[in-house]
Amino acid sequence: MSTTETPSSDRPSKRTKMDGSSSSSSAPPPPGPPPGPPPQPPKENPYLSHLPVEQRFTSSSNSTSTSDPLAGLIPRKVTGKQARAVMEGDINPFSSTPKPFSQKYRDILAKRKDLPVYAQMDEFYEKFNSNQIMVMIGETGSGKTTQIPQFVAYSDLPHTTKQKGPDGILAPRMIACTQPRRVAAMSVAKRVADEMDVSLGKEVGYTIRFEDATERRTTFLKYMTDGMLLREAMNDHNLERYSAIILDEAHERTLATDILMGLLKEVVARRPDLKLIVMSATLDALKFQKYFNNAPLLKVPGRTFPVETFYTPEPEPDYLEAAIRTVLMIHQAEDAGDILVFLTGEEEIEDACKKIKAEADELANTNPDLCGPLKVVPLYSSLPPAQQQRIFEPAPAPLTEGGPPGRKVVVSTNIAETSLTIDGIVYVVDPGFSKQKVYNPRIRVESLLVSPISKASAQQRAGRAGRTRPGKCFRLYTEKDWANELIEQSYPEILRSNLANTVLELKKLGIDNLVTFDYMDPPAPETIMRALELLNYLAAFDDDGNLTPLGEIMAEFPLDPQLAKMLIVSPEFKCSNEILTIAAMLSVPNVFVRPNSQRQQADAAKAEFSHPDGDHLTLLNVYHAYKTNCPDASTASQWCWQNYLSHRALMQADNVRNQLQRTMERFDLDLCSTPFEDKRYYINIRQAIACGFFMQVAHKEGGTKGGYTTIKDNQVVSPHPSSSLDHTPEFVLYHEFVLTTRNYIRTITEVRPEWLLEFAPAYYNPNNMEGEVKRIMQGILAKKGVGSSSKKKRV
DNA sequence: GAGCACTGC
């Protein structure tokens, strides 16, 4: 051990320097041992970090509390009284190197004590200690998301019960808390790290796609997206790294949460040591309790301001017009306070913003004594972040001092219902509609439909008016309709989605029977059948419904099965570099920007990248141009702007591509390209795509010009007008079927019927086909019989 | 000749 620099001599000298009180930073170190250290709190001795907490402190005659702050606490027998004593004690037992609590910690603790959930700590520990599963209901402002995981930490004491993982590393058994959204996982983790007086990414961390802010040896509390925990479960069916799992926002019923609930119900039965807490905001607790074997309920009140609700006396024939009228009415008649209006989509919102602005300006001009200035701000997810930020700008000031107040109106999609919170909203206008995803298994199409919202949604919307002070909510439907027409809860996502991906994941999670799996809400059998059928055609499942080796690998890619398949086969076509790009570009939002005022310029810019054989190749061109022309971030944003491309989406594509490439490497899948000069360069790429998407092909109708019919379901479809395909080939492969004003196929590429027969012979067996396609396929097969000899001749 | 509700891996 070194004798020149002991921990005790190091600290005082450092302190002098930091204070700036030393005359010169280049002053030589004081000769010999420094004078004895001044009285200070117990110090941790870094050479003793292998010892239990209480022995790690350097004994000093002045220090009074050298005992373990956790002395007497038995994991999972901890009481509220004990936990409070530690929280209010001197030493932070959770920091990796124990140290006294900071002043900041004490300030935050004082505020935490005001949270409704804090008052129920004793009740929480009673239920937590004696039950494996519990259900918690806490409305907005109860503090459940930040406090409950901490309460669990005080009971599990995860840092004192480390275990060796398969890699031999000694790590704490973690507490996981899942969130449906990335931003929530990040921001809550940050907040809780502050509350516990530890560093983010060390003791308390978060894991979201593309970002892992945790440390294997030290992290014991981890916030994560629900999808991320599901990914982890695919390779660790018992979730052995966790001692407790908290599913937050379970009422949102995301696909990932629903699958996790079914899975955890099984895991909990296999692992009696695993605790599960399901947290929800709604009153539908009974359903959760019943599902989880009558688990006990802890109910915590919320903390929001009252919101007064108004209904229209008669049904409104035109909700858009009614919404605009209501905004102007509020503006003229109500006290100061901002307005939030819920509409269904981008076009509707932009339209409403224009109309509100025009009418409000006129009102302010003709009647300046009655109406202040109005600032109208649109909000939807595809809006660039800078414009989204406008919702946080303050309301305009009155035009004249003491005149009628200025007001801000935010016209938003559902994004303001859960994902984004705007402070200062006092009035909410709720027409009662939103766009919702629906899945039709019969024609295998997901589409968006404007539908009435649920009561739970309506309550959530109203609640947005009461975040900072009492508010008002104007519902543009009658009270009778509220009572009789609105359903209690929105249908969970699992009932509204194509489940191809989910079924693959479930198999990979070790679920044998997908039909008898204990779903909280079982999807339609037909939806599962459609998924099984697709996965069987893609050779991910064998005929007995078991995962094939190919299926095992497909499940590891964060992609739809079709995309995963084309990526995995791409090395066989010598084009995996290119397919990686295409898969990434298809996984991010549209890269083409088309402002209403500059459509022609935008279309011209897009034409520069167009590939005549199809949109997939156009996407490849865009990515190549982006990488070639944008060596660094500063030039990238300008180049994207000039070319009417979304920089955000392209950066995201780059991220996704890197992640996919790492997965390819993990499975030793070759990264290769056909030389660009080779005439097979594009053919190889199109063939690889066909291997994944042979089930999404349309055939040109004999009669109508430019019209197509899908092969399996005989749906009449039109190529989407945005397509770069410059001709109408006999067969086109499409990435998406979109149901709007008409049936469109979007992102399309020409394919040859010969390829379809070669790469998907079972699917294109003429015996299963009808009409013209059947004849074409028969013709090719007949020719092939002859053709095989001519091929030999050529070789 | 049209649209992208919202998330997530």
Side-chain angles (χ1 to χ4, degrees), chain A residues 178-185 207-212 224-235 249 252-260 342-351 378-384 412-420 433-438 446-451 453 457 460 490 492-493 496-497 501-502 504-505 508-509 554-561 563-564 583-584 587-596 599-600 602-603 646 649 652 655-656 659-660 662-663 706 718-723 736 738-746:
Chain A
T178 67
Q179 297 293 320
R181 282 167 291 279
R182 299 160 50 98
V183 271
T207 303
I208 57 180
R209 188 184 186 183
F210 305 128
E211 208 181 330
D212 182 10
M224 65 204 300
T225 45
D226 47 13
M228 206 69 215
L229 185 63
L230 204 55
R231 284 267 139 197
E232 286 189 8
M234 292 199 323
N235 291 308
E249 314 288 2
E252 290 194 24
R253 303 292 305 276
T254 66
L255 247 173
T257 296
D258 266 28
I259 299 303
L260 278 172
F342 285 100
L343 292 177
T344 64
E346 172 177 346
E347 204 177 332
E348 195 177 84
I349 286 169
E350 293 292 354
D351 184 38
L379 177 65
Y380 42 87
S381 76
S382 58
L383 213 58
S412 171
T413 61
N414 260 357
I415 193 169
E417 199 178 297
T418 47
S419 307
L420 272 171
F433 291 96
S434 71
K435 273 190 191 169
Q436 289 165 32
K437 186 171 72 179
V438 288
E446 272 184 358
S447 51
L448 287 171
L449 212 64
V450 174
S451 325
I453 59 171
S457 268
Q460 177 75 18
S490 310
E493 202 183 356
R496 297 183 287 116
S497 307
N501 219 346
T502 306
L504 184 61
E505 277 170 7
K508 180 80 184 175
L509 287 164
M554 279 169 64
E556 294 280 343
F557 284 93
L559 293 173
D560 279 340
L563 289 169
S587 305
V588 300
N590 191 3
V591 294
F592 298 106
V593 178
R594 198 166 182 258
N596 273 337
R599 288 185 187 176
Q600 283 185 346
D603 289 346
S646 157
Q652 218 177 318
N655 249 341
V656 173
Q659 190 189 31
L660 296 176
R662 285 195 299 274
T663 311
S718 310
H720 196 271
S722 65
S723 177
E736 268 181 309
V738 279
L739 191 67
T740 52
T741 47
R742 291 161 74 181
N743 288 340
Y744 287 107
I745 47 175
R746 193 161 51 189

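Bear in mind the structure is a predicted one, so any value in this text is a computation, not a measurement. To find a chain, count down the sequence lines: A is the first, B the second, and so on, and within it residues start at 1.
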Check your understanding: Starting at the 5' end of DNA chain B and moving along, which residue's nearest nucleotide shows up first, A/Y380 or A/P558?
Key -> A/Y380

Practice item. For A/E347, report the nucleic acid contact type (base, sugar-phosphate, nothing); a contact means any heavy atom under 4.0 Å. Key: base

Practice item. Report the residues that fulfil side-chain hydrogen bond (donor to acceptor under 3.5 Å, both in side chains) with A/R496, sequence neighbours left out, ordered by chain and then residue number. Key: none

Review point. Base, sugar-phosphate, or nothing for A/R742, non-hydrogen atoms under 4.0 angstrom?
Key: nothing

Practice item. Dump the intermediate steps for side-chain hydrogen bond (donor to acceptor under 3.5 Å, both in side chains) on A/Q460 and A/T418, then the final yes or no. Key: CA-CA 8 Å; A/Q460 177 75 18; A/T418 47; over 6 Å; no

Practice item. Under 4.0 Å between any heavy atoms, over every strand shown, what does A/N414 touch: base, sugar-phosphate, or nothing? Just pick one. Key: nothing

Practice item. Could you check whether A/R599 gets within reach of a base, just the sugar-phosphate, or nothing at all, counting any heavy atom under 4.0 Å? Key: base

Exercise for review: Could you tell me whether A/R181 contacts a base, only the sugar-phosphate backbone, or nothing, with contacts defined as non-hydrogen atoms closer than 4.0 Å?
Suggested key: sugar-phosphate

Review point. Which part of the nucleic acid, if any, lies within reach of A/S434 when heavy atoms closer than 4.0 Å are counted: base, sugar-phosphate only, or nothing?
Key: nothing

Check your understanding: In terms of the nearest nucleotide of DNA chain B, which residue is placed more toward the 5' end: A/Q659 or A/V738?
Key -> A/V738

Exercise for review: List in chain and number order the residues that pass side-chain hydrogen bond (donor to acceptor under 3.5 Å, both in side chains) with A/T502, two or more places apart in sequence or in another chain; answer none if no residue qualifies.
Suggested key: none

Check your understanding: Do the side chain of A/E493 and the main chain of A/L255 share a donor and acceptor less than 3.5 angstrom apart?
Key -> yes

Exercise for review: Check salt bridge (Lys or Arg N to Asp or Glu O under 4.0 Å) between A/R181 and all other residues, then give those that pass, not counting sequence neighbours.
Suggested key: A/E252

Check your understanding: Which part of the nucleic acid does A/L230 contact within heavy-atom distance under 4.0 Å: base, sugar-phosphate only, or nothing?
Key -> nothing

Revision key, fill the gap. 5'-most to 3'-most nt of DNA chain B touching chain A (<4.0 Å, heavy-atom partner on protein side) reads B/dG1 to B/dC9

Check your understanding: Contact class for A/L448 vs. all strands (heavy atom < 4.0 Å): base, sugar-phosphate, or nothing?
Key -> base

Check your understanding: A/T741 near the nucleic acid: base, sugar-phosphate alone, or nothing, with a heavy-atom cut-off under 4.0 Å?
Key -> sugar-phosphate

Check your understanding: Excluding sequence neighbours, so at least two apart, what forms side-chain hydrogen bond (donor to acceptor under 3.5 Å, both in side chains) with A/R746?
Key -> A/E736

Exercise for review: Classify the nucleic acid contact of A/T254 as base, sugar-phosphate or nothing, counting any heavy atom under 4.0 Å across all strands shown.
Suggested key: nothing

Practice item. Could you pull out all residues at least two apart from A/E348 that satisfy salt bridge (Lys or Arg N to Asp or Glu O under 4.0 Å)? Key: none

